[in-house]
Each structure stands twice: as structure tokens, then as C-alpha cells.
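Counting starts at 1 for both ligands and their atoms, following the listed order. Predicted, not measured: the structure shown is a model, and the values here were computed from it. Counting from 1, the numbers follow the sequence of the chain as shown.
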Amino acid sequence: MSAALPSVSRAHALRRPSLKDYSRTALRERFAARGWPAYRADQVMDWLYRSDVDSIEAMTNLPATLRSEIAEAFDVGGLEVETTRTSVDGTQKLLLAAADGARIEAVLIPEERRHTLCLSTQVGCPLTCDFCATGALGFTRNLTTGEILDQVLEARRRLPPGETLTNVVFMGMGEPLLNLPAVSEAIRVLVDPKALGLAPRRVTVSTAGVLPQIGPLLEVAPIHLAVSLHATTDAVRDVLVPLNKRFPIDALLRTLREDPNIHRRRPVFFEYTLMEDVNDSIEDARRLPGLLRGIPSKVNVIPMNPHADAPYRPPRPEVVDRFTAALHAAGVRVTLRRDRGRDIDAACGQLANRVAKGAANANPTGDVGPADSAD
Ligand code: SF4
């Protein structure tokens, strides 16, 4: 008989579910279905998210027989840290491996009064946006809820003592709305006051515009929605974000305008990656406010973080200034997002892509310290 290893997706299908794959309500139901008291699920949630234990054996307020029954049906998940890169600005990029060897990225961004984690929801991404390193990786599979939450736990372990993770953004590898069931469960655990305890307004989920899933996502909790817009015409967006051919700008904006969960206290964050001579003209800056009319919103302008897998570059600083000034003048709430971690391949998919091509193997120990010595 062949001794071939199972493929990534087959190995994944064979695993036991993680206890972290479930929100509190779902875990209570799973426990009840097996005849275990529902309050035991609450105790397990405490161990997972408050005490951060990595084994069922360590859950010592559960009877030993119950612990072994739980261990037969579930595991506790966990991701292996393969590589950590720390930028001169403090941004940490983690390359993480799942049990089946699939690699994903998470980026921890320290700022003066907050710590933000950018996490992944898929291994690769099926949407092939033209400017994105993750799109160039192709798509392998969806992450489980447990794998999404393990990124949060891993990031939390890296914070200075006494500090907490304040913000989570679903903007890493993958399109979250193509993995909505797992993303929704992860959000429930993130905002569960007795689990990870984030305020819903501190959670942001980004989409390229999977219209049918926007309404259901916004029903999960009062989180924020970010939309990767990146263009003001369908001709340009069709190239940058091919999903636009299915859900064009007009339909996307109409969906947002009509969604009852989008209002002044819960505006949409439009992401607009500025690329030289592609979407940075003064005509674009003048068209954008008209497109956004009637949608409570903020625009994040992000000069392109260049990488080898895309032919795009950031505009010159004066062009960036002209673009943002035109938006300001038109009454648009706009922020220019500072470039974080450019020296460590911090844009989504860049590090995994580099590792996939073997370029990171020069540093098998992982930690690379300050970025100027990163490569
Ligand atoms: S930008 Fe986002 S949606 Fe587009 S290919 Fe990259 S990860 Fe996927």
C-alpha cells in the first residue's frame, strides 16, 4: 500500500474539531448533545480564553473522566509560529502553520494607546486581486473558527505584560465573507465579554464586496465593515478587484446605502490603495465623494506597499497629498494610513509568498529582529 501523506485539505478533513471552533452557545449545545452539563462548556471557555491553556488535561476543575471524554472528541487547536519578523516601527509579522502544514499570516501593530491584530481567514485567497500578494498565492482552503482565534491568542501572548489587544481587523489573507460561518463564530467569541471581551466597535471585517454576505455579517454583532474600494470606475476596479465584474461599484454602494446596520455611529471604512497612474488622478479624487454620497463613511487612503508580485507602485508624496486634500475639501472624512512594516513584507500575503518561493529559508530560526537585518 502507498504510504503517501494526505494532502493538505484531506489531512485537514481528518482532524478532530477544536474546542475553539465554537462560540459559547454552540459549545454548550455540543456538550448538551453528549450529555455533559452546559456549565462545563463555560468552564472550558474560561480555560481557553482567560487562562490560555494548551491542553484539556490542564482544565483541572473538570472531573478527570470528563476531561478524557472531551479529549476523545475535541482537541484544543493551536498554530505553530514558523517565523516572526519585527519591523523598526514595532510591527510584528507572524508566519503561522496549521496542523496540516497550511501557512497563514498575522500582523500585530503596536500604536501609542492600542494594539491591533490583522488576521487571516483563508489559506491564500480565491479572489486574485491584481495588486495583492495573497491573490498570487492561489487558494487552498478556509480557516476554521479555531484557527482564526488561535491567531488572536498567539498575538496576545506577544504583548508586553499588563497590556491587552485592543483592536482586531479581518484584513489579512483571504476574503472573510467567503468564509462567513467560521468568521461569524470567531466574532462571537471575540466580543463575548467572558471570552476575549473586545468591544464590537473594535472589530473590523474587510470585504472586497461579496454583496449577499454583507447583511448577514452585520447582523452577527455591531462590528465595523471595511470595503476594499480602490477605484472610482468599473473599468479600473474590474482589473484591480476582479470580483467587481460580478458585483460592480453601483450595486456594491447601493447595498451599503440600503443596509439598516450602516449608520452614523457605525460608518463604513472604505479602503483606497493609491497606485501611481492607476487610481490616483484628481478626477478620481473628485468622483469619489459623489459615489459615497448617502453612505456614512470614512475613507482610508493607503499608498501602495510595492512588492514583486504586482506591477504597481505608490504615487509620489505630493500626489498623495493632492488626492487626500481634494477629498477633505469635498467634506469626506479621510485618513492617510501610515505605512507600517514595509521592511518586513507586512502587506497581506507577502511573507507567505516569499516563504513559498523559498526566499525566507535563509533564516531557519525565525526571529529576525530589527528589519534592516531581516533579509
Ligand atoms: S486583496 Fe483581499 S480579497 Fe483581494 S486577493 Fe488579496 S486577500 Fe483576496
Side-chain angles (χ1 to χ4, degrees), residues 93-96 98 102-107 117-143 147-148 151 168-180 182-183 186 204-214 217 224-231 234 236-249 251-252 255-256 268-275 278-279 299-314 337 339-342 345-357:
K93 183 155 197 166
L94 312 178
L95 183 66
L96 304 162
R103 289 183 172 122
I104 53 166
E105 299 176 357
V107 181
L117 173 68
C118 175
L119 56 72
S120 295
T121 53
Q122 297 183 307
V123 183
C125 182
L127 291 190
T128 64
C129 295
D130 203 38
F131 56 93
C132 171
T134 298
L137 280 171
F139 173 67
T140 303
R141 66 169 173 85
N142 281 332
L143 293 182
E147 289 165 338
I148 295 170
Q151 296 170 68
V168 170
V169 297
F170 288 68
M171 288 187 188
M173 299 170 75
E175 162 55 58
L177 296 196
L178 294 180
N179 187 13
L180 187 60
V183 166
T204 301
V205 176
S206 174
T207 181
V210 185
L211 301 199
Q213 310 290 21
I214 288 176
L217 169 77
H224 280 294
L225 180 73
V227 173
S228 303
L229 189 61
H230 307 313
D234 283 327
V236 174
R237 196 165 190 267
D238 281 352
V239 175
L240 296 179
V241 184
L243 183 70
N244 194 69
K245 292 179 197 149
R246 199 158 152 219
F247 302 120
I249 292 175
L252 168 63
T255 299
L256 300 175
V268 177
F269 303 140
F270 285 101
E271 307 288 308
Y272 196 101
T273 300
L274 266 188
M275 301 169 217
V278 175
N279 61 2
V299 176
N300 288 325
V301 172
I302 313 137
M304 173 78 192
N305 188 348
H307 56 86
D309 297 291
Y312 304 109
R313 298 187 322 185
R337 197 190 289 165
D339 199 14
R340 299 296 303 246
R342 176 176 290 194
D345 298 329
C348 119
Q350 280 180 265
L351 182 56
N353 215 339
R354 192 177 279 249
V355 170
K357 290 175 181 168

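Near Thr128, the atoms of ligand 1 lying under 4.0 angstrom from a non-hydrogen atom of the residue are 5 (S). Of all atoms in ligand 1, listed by their number and element, those nearer than 4.0 Å to a heavy atom of Gly174 are 7 (S). Counting atoms of ligand 1 from 1 in the listed order, those under 4.0 Å from a heavy atom of Cys132 are 1 (S), 5 (S), 6 (Fe), 7 (S). Taking a cut-off of under 4.0 Å to the non-hydrogen atoms of Cys125, the atoms of ligand 1 that pass are 3 (S), 5 (S), 7 (S), 8 (Fe).
Identified under the side-chain hydrogen bond (donor to acceptor under 3.5 Å, both in side chains) test for residues 117-128, with sequence neighbours left out: Gln122-Asn142.
Considering Val299, Asn300, Ile302 in turn, Val299 is the only one that fulfils the side chain to side chain contact (heavy atoms under 4.5 Å, CB included) rule with Tyr272.
The side chain to side chain donor-acceptor pair (under 3.5 Å) test applied to Asn279 returns no partner, not counting sequence neighbours.
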TODO: Evaluate side-chain contact (heavy atoms from CB on, under 4.5 Å) for Val107 paired with Leu117, printing each intermediate quantity in order.
DONE: CA-CA 6 Å; Val107 181; Leu117 173 68; 5.9 Å; no
